[in-house]
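Okay, structure first, notes after.
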Amino acid sequence: MEQMSWKMLIVTKAFLLYLTCAFKVTVARQQEGVCATCHVNATCDDKRDGSGGKVCNCMYGFLGNGRTRCQDKDECQIGGGKICGDHTVCHNTYGSFYCTCLSGYSPSNSLVIFIPNDGTQCNDIDECKVQGICGEGGWCINMQGDFNCRCRAGYKVQNGSQPFHPHRDKAVCTAIDCGQPPSVAHAAQLSEAGTRYGSVAQFGCVKGFFQTRGNNTAVCGEKGVWEGLSLVCEEINCGPPAVFPNTDIHWDNTTRLGSVVHYTCKNGFYQEGGSSNSTCSSAREWEHITITCKEINCGPPDVFPNTDIHWDNTTRLGSVVHYTCKNGFYQEVGSSNSTCSSAGEWEHITITCKARCGPPPSLPHTEVEWQNGSIAGSVALHSCQKGYRSWRGVNLSLCADTGRWQAATLFCREIKPAISKLLIFNEKCLRWKAERYDGQGEDYTVQIVGSRDYQRTFQYKRKRVFSTAADWPELCLNLLPGTNYTINITALSAGFSSIISANTSIQAPPVPEVVFRDVEVPLPSLRLRRSINTLDPISVYQVFVVPLEKPVAFDCRSVSESHYHRQRPTGLYVAAQIPVVDIGRELSFTLGDQRYYGEYYNAPLLPGRDYYIILRAVNQWGRVRKQSCVFWAKARGTPYIIQSATMVTGGLIGLVAFVIFLGWYCKNK
Ligand SMILES: *[C@@H]1O[C@H](CO)[C@@H](O)[C@H](O)[C@H]1NC(C)=O
Ligand SMILES: *[C@@H]1O[C@H](CO)[C@@H](O)[C@H](O)[C@H]1NC(C)=O
Ligand SMILES: *[C@@H]1O[C@H](CO)[C@@H](O)[C@H](O)[C@H]1NC(C)=O
Ligand SMILES: *[C@@H]1O[C@H](CO)[C@@H](O)[C@H](O)[C@H]1NC(C)=O
Ligand SMILES: *[C@@H]1O[C@H](CO)[C@@H](O)[C@H](O)[C@H]1NC(C)=O
Ligand SMILES: *[C@@H]1O[C@H](CO)[C@@H](O)[C@H](O)[C@H]1NC(C)=O
Ligand SMILES: *[C@@H]1O[C@H](CO)[C@@H](O)[C@H](O)[C@H]1NC(C)=O
Ligand SMILES: *[C@@H]1O[C@H](CO)[C@@H](O)[C@H](O)[C@H]1NC(C)=O
Ligand SMILES: *[C@@H]1O[C@H](CO)[C@@H](O)[C@H](O)[C@H]1NC(C)=O
Ligand SMILES: *[C@@H]1O[C@H](CO)[C@@H](O)[C@H](O)[C@H]1NC(C)=O
Ligand SMILES: *[C@@H]1O[C@H](CO)[C@@H](O)[C@H](O)[C@H]1NC(C)=O
Ligand SMILES: *[C@@H]1O[C@H](CO)[C@@H](O)[C@H](O)[C@H]1NC(C)=O
C-alpha cells in the first residue's frame, strides 16, 4: 500500500511539473515573439544583418535550427586523439567535452583533466620505477602506457604465464627449486649443493666403481629439475689375471678392486723375480703382476772317497743321489742318500767308507770263536774245532787297512778223548783209558752226585781231585750202598769230561747186638742195641716166634711172613714188624703183649710151650731184599706147662745142632 502511494505521488508531481512548463512557454511567446520560438538551448540573437531581427542560434555545443532543434554536438566523435592529443581519452559532455590521459599516462599539467590546446600532453608512466611491482623474482618491463612482468632467472611463473601483469593476473614468480639432487647408481655426491636454480651438484663413482661415460655434473635448471647428469659408473673389473709359466695361482676368482691374486712357484720351481701377490687396482688392472719361476737345479752332487754314486743324472727338486761304499769298503758313518732340496742345494751329507775285509780266513780244523767285525782294525779269534786242539801258531787274524786279513797261523791237531772206556767195577771203583799228549800226568776232577728214591732228603755231593800219569787210571770211591750215583770225570788239561752212572747194591743190614737169653716170665722183655746205618730208611726188624713143638726149618731168606694163627698155634709166626727208623739205638720189646706191630699181632705165648725168638733185619728196596737173622731168645710159656723142647732130633744136642744150623744158614744166606 505504501509503494502504491509513492508511485502515485511521483506521477502526480511529474504531471504538475508539465503543466507549469506549458504555461511558461505560452507566456514567453507572447512576450518576445521570435525569440520566444528559440530553442531553449538556443539564444535569441540579433540578426547580423542588422535587421534587428532576432534569430535563434543554438548555443555553443549544440547543433540545430535554434528553434525546434538544438541537439548536443559530440566533439569526441571525431576521435579523442585528434582532439585531445596522443594517449588521451576524450570525454564528451552535454554541450562540451574534456580530455584525460589514458591509463598508464600522466598529464604534463599534473591535473587530472585538461582541454585540448592548453599545452597539456599525456606522457607515459614508468611503472617499473615502483620497487617490487612485479613481486619477488619479478622483472618489470615498462611499455607505452603499460608495463608487464616476467620472472627473473631462477624464478618461474606460477598461476599464469609470462609476461603477466601483477595487477591483472594471478601469476607470480616463485623461486625455482630442484629439490634434492638425483641419485646415480654406484655414485655419490661429492659436495653439498643447494637446491635452487643454478645449483651445481657433482658426483663421483663410489669405491670399486669407475666412470665409464656421461657427465658427472647436475645443474638445477629453469624447469626446476636437475639437468645434465648422465654419469654411468661401472664396477672395476681387472679381468682374469695373467697366467705365468710354472706357477700355481691362488685366487678367489674375483676381479674387483682390491681382489688379490697370489702366485706360487710350482713344486720344483723357485721364484726368481717378480712379485707373488697382485692386487686389482683402481686403474682397472692387476698391479705388479709379474713373477718368474725357474726350475730348481742342484747341480752336480758331491763326490766322496771310496763311494759309488747311484743317480739318475737329474738335479731337480727331490732328485736323490744314493752313495754306496765301493766294493771292499763299508759305510762307517754318515747317511747314504742326498736329496736335492728346495733351496737348490743337495742336502748336506757326509759318508765315510772304510775298508772291509770280508769273512775271516778259514784255517783247517779251526772255527772263528769271536770276531768284532770285518772292517779295518777288526780281529777274529780262531779256535780249534771240537775234537782238535791247538798245537802251535797265532790264533788271531787282523783286518788290515788294505781291506785284507792278516791271517792267523793256528795249527790244530785232532785229539782223542782224554777219557774213554770208563767203567765201574766192584761197585765203587772206576777205571778208564787215559789219552795224553805231552806224556805228562793229567789232573782229573771227579764229581760224584748220589741220590736215593726212597730218601728224598738224601743228598750226596763230593768232589775229588786226582792226578795220575797212568794209561789206565783206577779210582776207588767211598760209595754208600743203595744209592744211584752220577760220576763226572773231567780231564782238566784236555778239558774233556766223561760221565758214568752207577748204583750201589743194597746190603744185608747188620744184626743188632743182642744177648741170647732164656726167658720164662709170662711177658718176657727182650732188648737189643744197634748202631745207626745209612740204609735205615729201608730197614725193618721182624720178630719171628718159632714154636718148638715139632722140628722147624727156619730160612732167613723166607719171604713168607705168617701171621699168628689161633687154629694153628704150633706154626711159626711173625709177632712184630718195626721200621728201624722208629727205633733208637736201643729197643725193648715185650713178647706177647697182645699189641699190633705193623700188621702183626704180638700174640701171648701159649702155656707150657717153648719158643725160639728170632730177630730178622731186612733191607728192601723194590724187589731187592737183603736180610740177616739172629737168635734173640728162647722163651718158655707159662711155667705150669713144662714140656721139653723136643725138636727134630729132640734133646739139647738136637737143639744145639739146630741152632748151629740156623746160625750157619742165616749167615750164609
Ligand atoms: C537545453 O540544454 C540543457 C543543457 O544545457 C538541456 O538540459 C535541455 O534539455 C535542453 N532543452 C531542450 C528542449 O533540448
Ligand atoms: C595459485 O593459485 C592457487 C588457486 O588459484 C592458489 O591456491 C595458490 O596459492 C596460487 N599460488 C601462488 C604462488 O600464488
Ligand atoms: C658437463 O655439464 C656441465 C654443465 O652442463 C658443463 O659445463 C660441462 O662442460 C659438461 N662436461 C662435459 C665433459 O661435457
Ligand atoms: C674359481 O673358478 C674355478 C673354475 O670355475 C673353480 O674351479 C674354483 O673352485 C674357483 N675358486 C674359488 C676360490 O672360488
Ligand atoms: C701375498 O698374498 C698372500 C696371501 O694372499 C699373503 O699371505 C702374503 O703375505 C702376500 N705377500 C706379499 C709379499 O704381499
Ligand atoms: C748319467 O750320465 C752318465 C754320463 O753322461 C751316463 O753314463 C749314465 O748312463 C747316466 N745315468 C743315467 C741313469 O741316465
Ligand atoms: C736311499 O736311496 C735308495 C735308492 O735310491 C733307497 O732304496 C733307500 O731306501 C734310501 N735310503 C734312505 C735311508 O732313505
Ligand atoms: C776289535 O777288538 C780289538 C781287540 O779287542 C780292538 O783292538 C779293535 O779295535 C776292535 N775293532 C773293532 C772294529 O771293534
Ligand atoms: C790264543 O792264543 C793266546 C796266545 O797265543 C792264548 O793265550 C789264548 O788262550 C789263545 N786263545 C784261544 C781261545 O785259544
Ligand atoms: C736208581 O735209579 C733207578 C732208575 O732210575 C731207580 O729205579 C732206582 O730206584 C734208583 N735207586 C735208588 C736207590 O735210588
Ligand atoms: C762234568 O764236569 C765238567 C767240569 O766241572 C763240567 O764242565 C761238565 O758240565 C760236567 N758235565 C755234566 C753233564 O754235568
Ligand atoms: C742199578 O743196579 C741194577 C742192579 O744192580 C741194574 O739192574 C740197574 O740197571 C742199575 N741202574 C742203573 C741206573 O745203573
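Remember, it's 1-based here, ligands and their atoms both numbered in the order they're listed. In this chain, residues are counted from 1 in sequence order.
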* Asked: Which of parallel (below 30°), tilted (30 to 60°) and perpendicular (above 60°) describes Y485 and Y460?
  -> perpendicular

Which of F329, F304, W311, W346 passes ring pair (Phe, Tyr, Trp, His ring centres under 6.0 Å) with Y323? It is F304

TODO: Please confirm whether R413 makes a cation-pi placement over W391, using NZ or CZ under 6.0 Å from the six-membered ring centre and within 45° of the ring normal.
DONE: yes

With sequence neighbours left out, the residues meeting salt bridge (charged side-chain N to carboxylate O under 4.0 Å, His left out) with R284 are none

Could you say whether the N/O atoms of I375 and ligand 8 ever approach to under 3.5 Å?
no

For A508, the side-chain contact (heavy atoms from CB on, under 4.5 Å) test, sequence neighbours excluded, returns K626

Worksheet item: With respect to the side-chain SG atoms, do C293 and C265 come within less than 2.5 Å?
Response: yes

Heavy-atom contacts under 4.0 Å to ligand 6, chain-then-number order, include exactly W311, D312, N313

Determine whether any heavy atom of G373 lies closer than 4.0 Å to an atom of ligand 8.
no

With sequence neighbours left out, the residues meeting salt bridge (charged side-chain N to carboxylate O under 4.0 Å, His left out) with D582 are none

A student checking ligand 8 against V379 at a 4.0 Å heavy-atom cut-off should list atoms 1 (C), 2 (O), 3 (C)

